[in-house]
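Comments concern the structure below.
If you're wondering where the values come from, they're calculated on a predicted model, not measured in any experiment.
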Amino acid sequence: MWLAFEQHQFVDQMSGLRGYIALAAVVFGNWRPVWAMLACLLFGFAEALQIALQSAGTALPPQLVQTLPYVLTLITLAGVIGRATPPAALGKPYIKD
């Protein structure tokens, strides 16, 4: 059955630098899976708010509305700078004994 909302197509720049937001969620979640998931939900809410504001036709310029998730990411990361401690083994290769 074909559903009207399913569109399987690739668009250039589809990810739109969201990988950086995912890394920010891991740092903001202090490398803990549950906290990183909650951070992803926060950033996902900002993305949904941005889409809702664009479809509502606000008086703000669309370029400004599109920056909402990225601005929220910068604000949250600025709040955890110096407090986030990465795992001790981060960046070290795993060598099986």
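- Taking each heavy atom of A25 and C40 in turn, the nearest pair found is CB-SG, 3.7 Å.
- Here the OG1 atom belonging to T73 is positioned 4.0 Å from the CD1 atom belonging to I21, to the nearest 0.5 angstrom.
- The minimum heavy-atom distance between Q50 and L68, with the atom names listed, is N-CD2, 4.0 Å.
- Taking the side chain to side chain contact (heavy atoms under 4.5 Å, CB included) definition, one finds that P61 meets it with Q63, L64, sequence neighbours left out.
- Residue I75 is not grouped with residue L41 when hydrophobic side chains (ILVMFWY) are merged at heavy-atom distances under 4.5 angstrom, including chains of intermediate members.
- Rounded to the nearest 0.5 Å, atoms CG (L38) and CZ (R32) are 12.5 Å apart.
- L42 is not connected to V71 by any chain of hydrophobic side-chain contacts under 4.5 Å among Ile, Leu, Val, Met, Phe, Trp and Tyr, and they are in different clusters.
- Both V80 and V26 are part of a single hydrophobic cluster, where members link through side-chain heavy atoms under 4.5 Å apart.
- Considering only heavy atoms from C-beta on, W35 stays 4.5 Å or farther from N30 through its side chain.
- Within a 6.0 Å sphere centred on CH2 of W31, heavy atoms belonging to other residues, nucleotides or ligands number more than 12.
- Hydrophobic clustering keeps L74 apart from V27 (ILVMFWY residues linked when any side-chain heavy atoms are closer than 4.5 Å, directly or through intermediates).
- Placement of L77 and L72 within a single hydrophobic cluster is found when ILVMFWY residues are connected by side-chain heavy-atom separations under 4.5 Å, directly or transitively.
- Nearest heavy-atom pair, A24 versus F43, reported as atom, atom and distance to 0.1 Å: C-CE1, 4.2 Å.
- Atom CD of E47 and atom OH of Y70 lie 6.5 Å apart (nearest 0.5 Å).
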